[in-house]
Protein chains: 2
Amino acid sequence: MRRDIFQAIADPTRRAIIALIALQAMTPNAIAENFNSTRQAVSKHLRILTECQLVKQQQQGREIYYTLQIEKMKEIDKWLEQYRKIWETRFNQLDKVLSTIKKQKK
Amino acid sequence: MRRDIFQAIADPTRRAIIALIALQAMTPNAIAENFNSTRQAVSKHLRILTECQLVKQQQQGREIYYTLQIEKMKEIDKWLEQYRKIWETRFNQLDKVLSTIKKQKK
DNA sequence: TATATTTGCAACCAGATGGTTTCATAAAAT
DNA sequence: ATTTTATGAAACCATCTGGTTGCAAATATA
């Protein structure tokens, strides 16, 4: 199944998981404690996040720690870049208009 | 039906529509010409984009122009902010390590 | 060695999703 | 007045999605 970062972050539970493990690696059990759904449901989400390389596994005995691959998040930032340019341009244009009005008042 | 901007941008066709109308407003027909699917399928995507206020309609005779509401895109930027902080911190830490190594070489 | 814990996977299921075709409505063109 | 054009909505359908329960494998503990 093809996985895509945009599809991965579409689900609110997955965004919550991302936020949870952003600061420290966690095991599936520990993550699941924060949600109402079963451990297996969380496990499925973790699989999807792993498939698109948003998280990485680190085995430690029988426990598996999941870490956020923050680098991958930059892909969204990169995609946003084109639109950021647009809204910054618009802001500057608005700024010009406002300063022109200001000058006219003087 | 509840609509969410993250769900809206999850679909590749919708992201393409967003990119298309980012620079100039377009009618559903004109937008649909750029895709292999039917005009009605594009119309459905436009409905979803409208529902989460990513696009706005402007009637002009029997034509309807769809405009991107670039402001709405900032919501994603805002969500990314927390992670941007993390990756910038990590970069700075790496930077410190590197400059320490440099000093030691001297 | 026997038992408990941690985990992933398979099978199943209801509901959402993205697509199609068909139809209705309104505005423009003939 | 009739036809063409632009559009949205409804009905339908195959597939995807997120959830569940049950099971198997591996590691830790008694």
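Throughout, protein chains are lettered first and strands after them, A, B, ... in sequence-line order, and every chain is numbered starting at 1.
- A:L68 CG to B:W87 CH2: the interatomic distance, rounded to the nearest 0.5 Å, is 10.0 Å.
- Between the P atom of C:dG8 and the CD1 atom of A:I48 lies a distance of 13 Å, rounded to the nearest Å.
- Distance, A:D11 CG to D:dC16 P: 17 Å, rounded to whole Å.
- Atom CE in B:M26 sits about 15 Å away from atom C1' in D:dA6, given to the nearest Å.
- Where B:K44 and B:Y65 each meet DNA chain D at their nearest nucleotide, the meeting point lying more 5' is that of B:Y65.
- A salt bridge does not link A:K85 with A:E88: none of the charged nitrogens is closer than 4.0 Å to a carboxylate oxygen.
- The side chain of B:S37 has C:dT20 as its nearest neighbour among D:dG8, C:dT20, C:dT7.
- Between A:T38 and D:dG19, a side-chain N or O to OP1/OP2 separation shorter than 4.0 Å is absent.
- Nearest to the side chain of A:R3, among D:dT7, D:dT27, D:dT17, sits D:dT17.
- The distance from atom CD of B:Q7 to atom C1' of C:dA16 is 9 Å, rounded to the nearest whole Å.
- Looking at heavy-atom distances under 4.0 Å, B:Y66 makes contact with sugar-phosphate atoms alone, never a base.
- Using a 4.0 Å cut-off between charged side-chain N and carboxylate O, B:D4 and A:R15 make a salt bridge.
- Between B:E75 and B:K72, at least one side-chain nitrogen of the basic residue sits less than 4.0 Å from a carboxylate oxygen of the acidic one, meeting the salt-bridge criterion.
- Between C:dG8, C:dT22, C:dT6, one nucleotide has an atom nearer to the side chain of A:E63 than all others, and that is C:dT6.
- Taking 4.0 angstrom as the limit, A:H45 places none of its side-chain polar atoms (N or O) nearer than this to OP1 or OP2 of D:dT17.
- Judged purely by atom type and a 3.5 angstrom limit, A:R14 uses its side chain to pair as donor or acceptor with the backbone of A:A8.
- Atom CD1 in A:I9 sits about 18 Å away from atom C1' in D:dG18, given to the nearest Å.
- For B:S43, taking side-chain heavy atoms from C-beta onward, the closest of the listed nucleotides C:dT20, C:dT7, D:dG8 is D:dG8.
- Atom-to-atom, CG of A:L46 to P of D:dT17 comes out at 17 Å; the value is rounded to the nearest Å.
- The nearest whole Å value for the distance from the CD1 atom in A:I17 to the P atom in D:dG18 is 11 Å.
- Among the nucleotides D:dT7, D:dT5, C:dG18, the one closest to the side chain of B:R14 is C:dG18.
- Residue A:N29 contributes atom CG, which lies 11 Å from atom P of C:dT5 at whole-angstrom precision.
- You'll find that the side chain of A:T13 is closest to D:dG19, out of D:dG19, C:dT7, D:dG8.
- Both B:Q40 and A:Q60 sit near DNA chain D, but only B:Q40 has its closest nucleotide nearer the 5' end.
- Scanning atom types as modelled, no donor and acceptor separated by under 3.5 angstrom connect the side chain of A:R62 and the base of C:dT6.
- To the nearest 0.5 Å, atom CD of residue B:Q82 and atom CG of residue A:L23 are 9.0 Å apart.
- Closest to the side chain of B:I64, from the set C:dC9, D:dT7, D:dA11, is D:dT7.
- Among the atoms of the strands shown, only primed sugar atoms or phosphate atoms (P, OP1, OP2) are found under 4.0 Å from some heavy atom of B:R47.
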